[in-house]
Amino acid sequence: MTKDKHLTKLIKLTGERARLDAKINGTYVVYKDEYGELIREYSNGEKEYVSKNDK
């Protein structure tokens, strides 16, 4: 496995773990989408954009 593939796999696993932890704790995860916008994703699948005032 190349370093790029290994790193990509670790990033994916980290995101999956964060979603699992959020579901267990009733919280949310925040990440950037492909356009650079911050998204707050709740454990029920609901997503909302984080406005500049919330940062």
Criterion salt bridge (Lys or Arg N to Asp or Glu O under 4.0 Å) on Glu41 and Arg19, from CA distance to verdict: CA-CA 9 Å; Glu41 183 176 335; Arg19 283 186 175 89; 3.3 Å; yes
Gap separating the CG atom of Asp21 from the OG atom of Ser43, nearest 0.5 angstrom: 11.5 Å
Value rounded to 0.5 Å, distance of OH in Tyr31 from CD in Glu37: 12.0 Å
Short side-chain donor-acceptor distance under 3.5 Å, Glu48 and Tyr28: no
Close side-chain approach of Leu13 to Glu16, heavy-atom, < 4.5 Å: yes
Side chain proximity check, Tyr49 to Leu38, heavy atoms < 4.5 angstrom: no
Donor-acceptor contact below 3.5 Å, side chain Asn25 vs main chain Thr27: no
Connected via hydrophobic side-chain network under 4.5 Å: Val50 and Tyr42: yes
Closest heavy-atom pair and its distance - Ala22, Val29: CB-CG1, 4.0 Å
